[in-house]
Every structure is written in structure tokens, then in C-alpha cells.
Amino acid sequence: MENGNGYSNGHKAVANGMVACPAAFRASPTVPMVASAEATLGRHLARRLVQVGVGDVFAVPGDFNLALLDHLIAEPGLRLVGCCNELNAGYAADGYARAKGVGACAVTFTVGGLSVINAIAGAYSENLPVICIVGGPNSNDHGTNRILHHTIGLPDFSQELRCFQPVTCHQVVINNLDDAHEQIDKAIATALKESKPVYISVACNIPSVSHPAFSHEPIPYCLAARKSNKMGLEAALQATVEFLNKAVKPVMVAGPNLRVAKAGAAFEELADASGYAVAIMPSAKGLVAETLPRYIGTYWGAVSTAFCTEIVESADAYLFAGPIFNDYSSVGYSFLLKKEKAVIVQPDRVTVGNGPTFGCVMMKDFLTELGKRVRKTKRNTTAYENYKRIFVPQGQPPESEPGEPLRVNVLFKHIQQMLTGDNAVIAETGDSWFNCQKLKLPDGCGYEFQMQYGSIGWSVGALLGYAQGKSEKRVIACIGDGSFQVTAQEVSTMLRCGQNSIIFLINNGGYTIEVEIHDGPYNVIKNWNYTGLVDAIHNGDGNCWTAKVTCEEELTAAIETATGLKQDCLCFIEVIVHKDDTSKELLEWGSRVCSANSRPPNPQ
């Protein structure tokens, strides 16, 4: 399911578990020579990006990266997408990595690097391989005690590097050409293996200098998938099978680390073989098909899909594949789970009950083999049968009166009706988390949101990157007005790229999610004429259509136009709703997170 749910690798997986480079780069046993003038670091870096699956680099030019950008532009198969600011470029690389498996951005030294770093931190938290390329100072300036522009006024140029160290898995500063090819290759390979961002700084005076190290086409490297320790895998399987066979009503729950483990298909195969009821954690939405026969919805504690919490928390065994338990996903640490009932499967280890933990066991291997073993026993569908007994179908929102002010639940009723396998949904931090979580995704429909980091404004840049990487899908983004104000400029880049996404701008006058956690006057924002703003950005250049809706009749007409006459346009629909119109899930979640945040200090 990885490829069908918004995550595919730029490489091709082959039968032996290796990650293979595209056929075009494997054709000849001899490595072609490169013309002397083209034997440069800039060309090598650009070619490597294309080889690993990057087709678009999101960039903001600055004097330290201009020569490098020339090489990125010149590379066949690579498109330079100019963004309005570095933060948005980083968010776009995040979204692109979700769509294609790896993303890249290019910025200038310090003023660009420290601007993009918030987005890189978000990609780190979400386990996304983003290659952050920074144009650095002239190699002759290092160690000279000179003070340069774009710095904080000190001759020490390592500040940016030190800032990136906690939020990237590998960092390189390239000031000479002798080992530059090795440093670049190691950084990119580390990003792919660790599924985390990396930092590559390139001195501004070396991208165009010819060097013998680049006189041949870069030899495609193949990254071997990590293999499980056979004895550890067997021990983990035996312990888990024994544990699950003792259970009367076991369940399975998918977590967000299914993405990094590329184990979505293995999880689904286990679900089919076992007969267990299947739920997802909120941040795993889109990683597992919601059309599985025994799918029961989202497990999110007190704000779960109806009847899901009762089934999961009453189970006598639960297998969590790739979970992340934080204050948000646990609704202020209010889960009623017991460690002794759980099998926790992470990308490289398995813990059964209170122990033991089996290390060097890869999730994909484990779930695949576990599926084979449970298939030999009778399916245990008890938990799902219990679910069917207590399940009551969800009601529909009451019909709106003609001209009645639009309600949020009516909006999402219509969004649900829009969804097909040709769509993807992006949900911004806020009440859209909860409303989008209730959408039932058809097979093939992608879904993305940033739950671990939760940076407001993420969705605008991420929409740009995701739509660029998944051009075959029409992306539907649900964005609150407060979040949109942070990163609105990138609508401009969407128009330059000819994208046809549909943006629902939910205008309720403030930071609603913060209101439900802790209210105050700081949660009220200045209202904008959002359609007017987008029209001004459009300025007659590109395909864009806007509408402002206040009632269901206007919403219906706008959706009909966006999906019909204006289906090739970027469509921006501003939805006016009451400031207190929120989902019941946000009300519950907000009060519990508030309680967790306001715990008094422990006695000293």
C-alpha cells in the first residue's frame, strides 16, 4: 500500500530486498566519461538528485547559492521551483518527500538556512528524507577571521551547521573538491537509509570548477535494505504467536512508523490472514486502506471513531505497528492501554508485553512472517464481531434551511462526496485534523498531515510540494484562516507551476485549536479578504478561480464549478463559518490537552 497512499520511493524495490537505481543508469558495465567543462560538483550533485528520484528542487536564490542553482537548472529531469521564502521551500520539500519518497530544497547561507530550519525540524520529526542544500561562503574565507554578510557578525561560520545538527541525521560542509563526491554521496545515502533530513553546505566558488573526481558519470549506488537478525526474528515470531494465540479478542493498530518501515502492505496482509479488527492511529491515516474488511476506524483515545476506543481498549491483546505515543496522539496521556497486553512493533525492534524486546528485527520482515504463521491457524474475528454488535451507523448533519449560515459538518459532508482514488487530502493543524480524520478514504486516495510537529502554516507549502510530486492527483487542502496567514504567499508558486488543487479556506476568525486549549485575546486574528488576496496574487497570470461561500447552496455551486468548468484551475474556496463552530472531537481533545499542559509542578 505504500505507493498507493502517498509514499513511494524514488528507487525500485527488487526481489532480494535491495534498492535498485533506475534502469537508465544501469545500462553499461563501463562508466561514461564526462566532458571536462561539465566535470563539476554542481553537475554531480544535480545528477545524484535525479538518480534517487528528485524531480523538483524547491529553492530561494541568494548570492551564495546562485552558481549552484545554475547547475540544478541545467540538469535534464530536474526542475527548479522558486518559492516565496525559505520556510515555504522547506515545507514544499516535506510535501514532496511524502509524495515521492525523497525531497530537496536549496537556500543561501544562514539567512536562508536559519529560515528553512523550522521546516527541516518538522521533516525530521515526521521521518522524511529531505536533502537541504545550502550555498556557503567562499572556501577562501574559512579560517581567515573575516566577517561576512548573511552572518551574525562573527568570523565563526559554523553557527548554521551547529543549528542543523539536532534536526538532521548527517551534515557535510564542502569547501574542497578532492572528497566532495564522497561527501555528497554519503549524505544522500544516509538520508535515504535513515529516512531523515540531511544538510549539505557547498562553498559558493566550487560548484562550477572542473575536477578529475567528476570526470565520469556518477556510478549508481544501490542501497541494501537492512536485514533482520534471523535468530532474533524467529524468537520474536515465536513469542508473538504464543502471546496472540492466548488472546480471545486481539486487535491490530497501525501507527505512523509504517511509513519509514515501508510496511503498509505487510500490515494489510497480516490483517487479512489473522482476522483481527483493524484500527489506525490518527497519524497513520492514509498508510493503510480504509476498505479493509475488518477496518473499524481511528483509535485516538477519547476522540476516536465511534466504538473504536471501546473495542481497542477492551481487547486482551493489541498489536501496534509503528506507533508514536505523544501527548497529542494520546489525548493528554489519557489512553487506557496496558503494556502487558501490547505487542509493540517498531521499524527495527519488537516488544512483547512487559518484555522481552527483540532488536534488529525489521518491521516489514516481522509482519510478513507473522502473517504466514497466523494464516495456519483459525482466523480470530472475535473483536470485529463485537464491534459489529455495538456499532450504530453515524448520523448525517441535519438538512440546512435555505440561506442558513454554513456549518462545518455540512462542509465536510460535501468534501466526503468529492473524494475518489484520484484525490489526496491535506489537513492543516487545527480543527481540520479532526474533521478530515472522519473522512472515509476511497482506495488510492492519499492523506497527509503533520501531527508530531504540528507547525501551523505547514499545509500551504506542503500542498505545493505534494501536488508537484503527485501531479496525477487533484489535491484537496483544508486550511484554517490563522494557518493560511503564516504561509499564504506560496499560492503564487502553485500558480506558476500550473497546479489545480482545491483549497478550502475555513474562515472562523482565529486560532480555533488554541481557543479550545486555552482561550485568550491572542487567539483572535485580523480578518482578511482572502479571495481578494488570492485574486491579487493571481493578477491575471495563470489559471485561478476563487469563490466565497456562506451557505450550503453557495458551497454546492462552488464545488460543482471547481470539479467541472474549473477543474484545470487552482480553485480557492473561502468558507465563512461561525467562530465557535468546531468538531466535538476538538472540544474533548482541547480540554484534555489543556489538563495535561496545566499539571502543577511535582513537589521538590
Side-chain angles (χ1 to χ4, degrees), residues 34-50 54 57-75 78 80 86 89-90 104-117 120 130-165 167-191 197-218:
V34 175
S36 177
E38 296 181 352
T40 62
L41 177 152
R43 182 181 184 277
H44 178 85
L45 176 56
R47 181 57 54 90
R48 278 300 195 215
L49 293 175
V50 172
V54 175
V57 177
F58 301 92
V60 177
D63 59 327
F64 286 131
N65 73 0
L66 298 178
L68 182 57
L69 297 186
D70 288 339
H71 289 276
L72 300 183
I73 291 172
E75 179 64 26
L78 197 61
L80 196 71
E86 292 87 357
C105 58
V107 300
T108 196
F109 184 59
T110 306
V111 291
L114 297 190
S115 180
V116 78
I117 197 169
I120 299 302
V130 172
I131 301 164
C132 182
I133 305 163
V134 176
N138 188 294
S139 62
N140 299 304
D141 289 326
H142 286 265
T144 61
N145 213 36
R146 291 172 176 164
I147 295 176
L148 294 184
H149 69 289
H150 287 345
T151 70
I152 61 171
L154 298 175
D156 177 8
F157 302 155
S158 66
Q159 181 205 21
E160 180 184 81
L161 170 64
R162 295 197 306 272
C163 291
F164 271 92
Q165 284 173 338
V167 296
T168 55
C169 68
H170 190 79
Q171 311 85 32
V172 295
V173 177
I174 301 174
N175 293 321
N176 70 81
L177 293 170
D178 291 337
D179 63 348
H181 64 291
E182 181 181 348
Q183 291 198 65
I184 288 171
D185 289 357
K186 183 176 181 180
I188 294 175
T190 303
V198 294
Y199 166 87
I200 302 175
S201 175
V202 179
C204 63
N205 60 324
I206 64 175
S208 303
V209 179
S210 299
H211 191 274
F214 306 113
S215 60
H216 291 78
E217 287 285 349

Worksheet entry | I188 and V198: CA distance, side-chain angles, deciding distance, side chain to side chain contact (heavy atoms under 4.5 Å, CB included) verdict | CA-CA 7 Å; I188 294 175; V198 294; 5.7 Å; no
Fill in: Test log, rule side chain to side chain contact (heavy atoms under 4.5 Å, CB included), inputs S201 and L161
CA-CA 8 Å; S201 175; L161 170 64; over 6 Å; no
Fill in: Worked verdict on I117 versus E86 for side chain to side chain contact (heavy atoms under 4.5 Å, CB included)
CA-CA 9 Å; I117 197 169; E86 292 87 357; over 6 Å; no
Practice prompt. Evaluate the criterion side chain to side chain contact (heavy atoms under 4.5 Å, CB included) for residue pair Q159 and I152; output intermediate values, then yes/no.
Written response: CA-CA 9 Å; Q159 181 205 21; I152 61 171; 3.4 Å; yes
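In this structure, the side chains of V209 and L41 stay at 4.5 Å or more apart for every pair of heavy atoms. Within the 4.5 Å cutoff, side-chain heavy atoms of D178 are placed close to those of H211. Side-chain atoms of T40 and P207, non-hydrogen and from C-beta on, never get closer than 4.5 Å to each other. No side-chain heavy atom of S115 sits under 4.5 Å from any side-chain heavy atom of V107. Between V172 and K186 there is no side-chain heavy-atom pair separated by less than 4.5 Å. Within the 4.5 Å cutoff, no side-chain heavy atoms of D63 are placed close to those of C204. Residues V173 and Y199 have side chains in contact (heavy-atom distance under 4.5 Å, counting atoms from C-beta outward).
Here the straight-line distance linking atom CG of L49 with atom CD1 of I200 works out to 7.5 Å at 0.5 Å rounding. Here N175 contributes atom CG and N205 contributes atom CG; the two are 8.5 Å apart, rounded to the nearest 0.5 Å. Atoms CG and CG, from L80 and L68 in turn, are 9.5 Å apart once rounded to the nearest 0.5 Å. In this structure, OG1 in T190 is found 10.5 Å from CD1 in I131, a value given to the nearest 0.5 Å. Note that CD1 of I120 is 13.0 Å distant from SG of C163, once rounded to the nearest 0.5 Å. To the nearest 0.5 Å, the span separating SG on C105 from CD1 on I133 amounts to 7.5 Å.
For the residue pair V54 and A104, the shortest heavy atom distance occurs at CG1-CB, 4.1 Å. When every heavy atom of H71 is checked against every heavy atom of S208, the shortest pair comes out as NE2-OG, 2.9 Å. Across F214 and A180, no two heavy atoms sit closer than the pair CZ-CB, 4.0 Å. A pairwise comparison of heavy atoms in S139 and A203 identifies N-CB, 3.8 Å as the closest pair.
Classified by interplanar angle (parallel below 30°, tilted 30° to 60°, perpendicular above 60°), the ring pair F157/H142 is perpendicular.
Between E75 and the choices R43, R47, R48, the side chain to side chain donor-acceptor pair (under 3.5 Å) rule is met once, by R47.
Between the side chain of N145 and the main chain of P155, no donor-acceptor pair closer than 3.5 Å is present. Using modelled atom types, one side-chain atom of E160 and one backbone atom of T110 make a donor-acceptor pair closer than 3.5 Å.
Aromatic ring centres of F64 and H149: separated by under 6.0 Å.
Counting non-hydrogen atoms of other residues, nucleotides and ligands closer than 6.0 Å to CD of Q165 gives a total above 12.
Evaluation of the salt bridge (charged side-chain N to carboxylate O under 4.0 Å, His left out) rule for D156 yields R162 as partners, not counting sequence neighbours.
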